[in-house]
2 protein chains.
Amino acid sequence: MAWSITEVARMAGVTSRTLRHYDAIGLLAPAYVGINGYRYYEQPQLLRLQQVLLLRELGLSLETIAEVLTGQRDRVDALRGHQEWLRAEQQRLARLAATVARTIEHLQEGTVMTASEMFDGFSRRRAETEEALAARYGDGVREHFAAAGERTKGWTRQDYLDAQKEGERLDARVLQLLRCGVAPETPEALDVIADHHRAVARHWSPDKVSYAGLGQLYLDDPQYRARYDAQDPALARYYRDAITAYAEQRLN
Amino acid sequence: MAWSITEVARMAGVTSRTLRHYDAIGLLAPAYVGINGYRYYEQPQLLRLQQVLLLRELGLSLETIAEVLTGQRDRVDALRGHQEWLRAEQQRLARLAATVARTIEHLQEGTVMTASEMFDGFSRRRAETEEALAARYGDGVREHFAAAGERTKGWTRQDYLDAQKEGERLDARVLQLLRCGVAPETPEALDVIADHHRAVARHWSPDKVSYAGLGQLYLDDPQYRARYDAQDPALARYYRDAITAYAEQRLN
DNA sequence: GTTGACTTTGCCGTTGCGTCAAGGTCCAGC
DNA sequence: GCTGGACCTTGACGCAACGGCAAAGTCAAC
C-alpha cells in the first residue's frame, strides 16, 4: 500500500511542500521513488511522520527532531533541554513586557527619556563592568570607578572612540597570540598584556589584585564572556590566564 | 562634525554591517555620502539611531520602528500592540511547556503515546468541529457526531482521503464563485452548496438549523476561519452566506 | 485526444543581520 | 613616490521552515 505525496499530506494535515522539504533535509524520505520521479510513502513513513509532527508541535527544531529519531539523542533529554529553553524564553519575554510597560508609562508622563549617555557604547560597557565587579567583590570596587569617572571627566567623544579602537586592536592582537599557539604566560604574550594594562590604566588604577580580578571577570561575566566567545571560545580564558600571569610577574 | 560608519558603530555598540543594513532598508540613512562612496553620519543621525536601538531593545521589528519614527504610527500605540503580542507569545510558550512536561511524564511512564488516530487529519478536524459546536450550542450536538461516528465506522483510510479531497475541491469551486463576483444567494452558488450539503450528509445528518449553524461556524470558529482566511479573507463569510441561503431556500 | 488533477525541480521571499570576497580609499611612515 | 595597514564600498550567500510560483512532465478518466 503506497500513497502519493498529496495523499500523505492530507492524512497528516500538512502540505506536500512540507513533505518535500522534509525529504530535502533528510528528515523523512519516501519509501521509494517511481521511475517518473514521484515520491511514494508507506506505513513506516507515516509512523515516522507522526513522530515528527508530534515533536514539531512541541516546538522542537527539525534538526533536533532528526537527532531524536535517529537515536543520536534521547527523547527525554531533548525535551528537557527544550523545556529549559522555553522557560528562558518566557522569562526574556516577561522582562521585555515589563520594560515595554515602563516605557509606555514614561511616554505618557512626557518624560523625554534622554539617557543619551547610556547609548555611548563605551560608557555603557563601563557601567556594566562596574555592576559586575560590585556583584562579585562588593561595593568596595565602586570607588575605583568613581576615580575613573574623575579621570575621564574631560574626555571628548573622540577620546572614547580612540580608547575603544585601541581596545579592539588589543583584542585582535591577543587573538593572534592565541591562534598562533603562543602560551599566555610567555614574555611575548605579557608584552601585549602590558599594552592592555597601560590602556586600562588610563581610566582606572588597578593594583595587582584588582587587575587579576578584571582578568577573571573576562571569563566569568556573561557580557564580557559573550563578547570574547564571539571571536573565539578560548579567548576569554586566554585573556584571563595572560592577565593573571602579568599581574603575578610584573605587578606588585 | 561627521563620523565614519565604524566610529558610529562603536559609539552605539553595534556593527558597521548593521548600519549598512539600516541604510539599505531605509531606516537610517547617513547625513551624506562622500564622493568616495563613504557614509558620513552627524548628530541628527546619532539621535535617530538612539531611538532605533531603544525600540529595538524592546523587541519591536525594524519595520514597526520605521513606521514609528516616520510618525506614521504612534509610539504608545505600537508599544501596546507589541505588549499584547508579547503576552500572547508568553502564553503560547507556557502552553508548550506544559505539553512538553506532560510528554516527558508519559515517556518516563512508558506510555506509548499511540494516538495514531489523532494524526489522521480528517478525524482530527471532525473532533475539533465537535468541540467547537458543543462550545457554541451545548452538548446536545454531540449526538449528531455520535451518529456520524456510527455511519463512518466502516470507512477505510481511502474513504477519508476521498472525502477530504472532495472537500478541497468544493472549497476551490466556492472560491471560484467568490472571485468571479457571483453573489452567494444566486442559484449558481446554491448548486455548488448543494454538493457541499451532499458531501456533509455522508457523515452527518444536518437539518435546516444545524446546517446553517455549520455555515456560521465557518465564520466564527478560529480553526475554520484561519483555514478559509488563508485562501481568501472573504471566503468564510461567503461560505456562511451561501450556506445560510441554501438552508433557507432549499431545506425545511 | 483532451482535459484536469497531480507530480517534479528550481528559485525567490520571509527577519536581521553575520560573514566572507573582491576591490577601492585614506593616511602615516619611509 | 611607495608601501602597509586600517578602513570603506558593493555583492552575495547563509540561517529556519517552509509558502508560493513557474515551467514542464505524468496519469487517469472521459
Side-chain angles (χ1 to χ4, degrees), chain A residues 2-10 12-28 30 32-41 52-53 55-57 59-66 85 161-162 164-166 168-173 176 226-227 229-232, chain B residues 2-10 12-28 30 32-41 49 52-53 55-57 59-66 85 161-162 164-173 176 226-227 229-232:
Chain A
W3 296 283
S4 77
I5 195 166
T6 311
E7 287 172 330
V8 173
R10 266 197 273 257
V14 300
T15 70
S16 58
R17 178 72 184 81
T18 299
L19 293 177
R20 268 187 279 270
H21 182 55
Y22 291 173
D23 187 12
I25 65 174
L27 180 56
L28 177 68
Y32 63 95
V33 176
I35 41 160
N36 49 17
Y38 284 23
R39 294 172 178 80
Y40 292 103
Y41 298 80
V52 169
L53 296 181
L55 294 172
R56 191 185 70 164
E57 284 199 10
L60 288 177
S61 74
L62 297 185
E63 195 185 348
T64 308
I65 293 174
W85 183 86
L161 276 178
D162 290 345
Q164 230 173 318
K165 192 163 154 184
E166 188 173 357
E168 285 173 25
R169 262 202 277 268
L170 274 165
D171 288 349
R173 287 169 67 194
Q176 274 290 73
R227 185 170 146 231
D229 276 2
Q231 303 192 56
D232 191 301
Chain B
W3 296 282
S4 75
I5 194 168
T6 310
E7 289 173 327
V8 173
R10 267 197 273 258
V14 299
T15 69
S16 59
R17 177 68 181 87
T18 300
L19 294 176
R20 250 171 250 132
H21 183 57
Y22 290 173
D23 186 13
I25 64 173
L27 180 56
L28 178 68
Y32 63 95
V33 178
I35 41 160
N36 48 18
Y38 285 22
R39 292 172 180 81
Y40 293 104
Y41 298 81
L49 177 57
V52 169
L53 296 180
L55 295 173
R56 191 185 70 164
E57 286 199 10
L60 289 178
S61 74
L62 297 185
E63 195 186 347
T64 308
I65 294 174
W85 183 87
L161 277 177
D162 290 345
Q164 229 171 320
K165 192 163 154 186
E166 188 172 357
E168 285 173 24
R169 261 202 278 268
L170 274 165
D171 288 350
R173 287 169 66 193
Q176 274 290 74
R227 184 168 148 233
D229 276 2
Q231 303 192 55
D232 192 300

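The structure displayed is predicted, hence computed values, not measured ones.
Remark: A/Arg173 pairs with A/Asp195 by the salt bridge (charged side-chain N to carboxylate O under 4.0 Å, His left out) rule, at least two apart or across chains. Evaluation of the salt bridge (charged side-chain N to carboxylate O under 4.0 Å, His left out) rule for B/Glu63 yields no partner, not counting sequence neighbours. In this view, B/Arg20 satisfies the salt bridge (charged side-chain N to carboxylate O under 4.0 Å, His left out) rule with no residue, not counting sequence neighbours. With sequence neighbours excluded, no residue satisfies ring-ring contact (aromatic ring centres under 6.0 Å, His included) with A/Tyr38.
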Between the protein and nucleotides 27-30 of chain D, list the N/O to N/O atom pairs that are separated by less than 3.5 angstrom.
residue: D/dC27; atom: OP1; partner: A/Asn36; partner atom: ND2; Å: 2.9

Which atom pairs link the protein and nucleotides 18-22 of chain C when you take only N or O atoms and keep those under 3.5 Å?
residue: C/dG18; atom: OP2; partner: B/Thr15; partner atom: OG1; Å: 2.8
residue: C/dG18; atom: N7; partner: B/Arg17; partner atom: NE; Å: 3.4
residue: C/dG18; atom: O6; partner: B/Arg17; partner atom: NH2; Å: 3.2
residue: C/dT19; atom: O4; partner: B/Arg17; partner atom: NE; Å: 2.9

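Counting to the nearest Å, the C1' atom of D/dG14 and the CD1 atom of A/Ile25 are 16 Å from each other. In this entry the distance linking CG of B/Leu28 with P of C/dG16 reads 15 Å, nearest Å. A straight line from CD1 of B/Ile65 to P of C/dG16 spans 8 Å, rounded to a whole angstrom. In this entry the distance linking CG of A/Leu19 with P of C/dT9 reads 13 Å, nearest Å. As rounded to whole Å, 12 Å separates atom C1' of D/dA16 from atom CH2 of A/Trp85. When the C1' atom of D/dT9 is taken as reference, atom OH of B/Tyr41 falls 12 Å away, rounded to whole Å. If you measure from atom CG of A/Asp23 to atom C1' of C/dT8, you get 12 Å, rounded to the nearest angstrom. B/Glu7 places its CD atom 12 Å from the P atom of C/dC27, with the value rounded to the nearest Å.
Within 4.0 Å (heavy atoms only), B/Ile5 reaches sugar-phosphate atoms of the nucleic acid but no base atom. If you check every strand for non-hydrogen atoms under 4.0 Å, B/Ser61 touches sugar and phosphate atoms only.
Within the 4.5 Å cutoff, side-chain heavy atoms of B/His21 are placed close to those of B/Ile25. Under the 4.5 Å side-chain criterion, counting only non-hydrogen atoms from C-beta, B/Asp171 is not in contact with B/Glu166.
We find the CG-CG distance between B/Leu28 and B/Leu62 to be 11.0 Å, quoted to the nearest 0.5 Å. The distance from the OH atom of B/Tyr41 to the CH2 atom of B/Trp3 is 13.0 Å, given to the nearest 0.5 Å. To the nearest 0.5 angstrom, A/Tyr22 atom OH is 6.5 Å from A/Leu27 atom CG.
For D/dT9, the OP1/OP2 oxygens have a side-chain nitrogen or oxygen of B/Arg20 closer than 4.0 Å. Residue B/Arg39 places at least one side-chain N or O closer than 4.0 Å to OP1 or OP2 of D/dT10. Note on B/Arg56: every side-chain N or O is 4.0 Å or more away from OP1 and OP2 of C/dG16. Remark: B/Tyr22 is in phosphate contact with C/dC17, judged by side-chain N or O atoms under 4.0 Å from OP1 or OP2.
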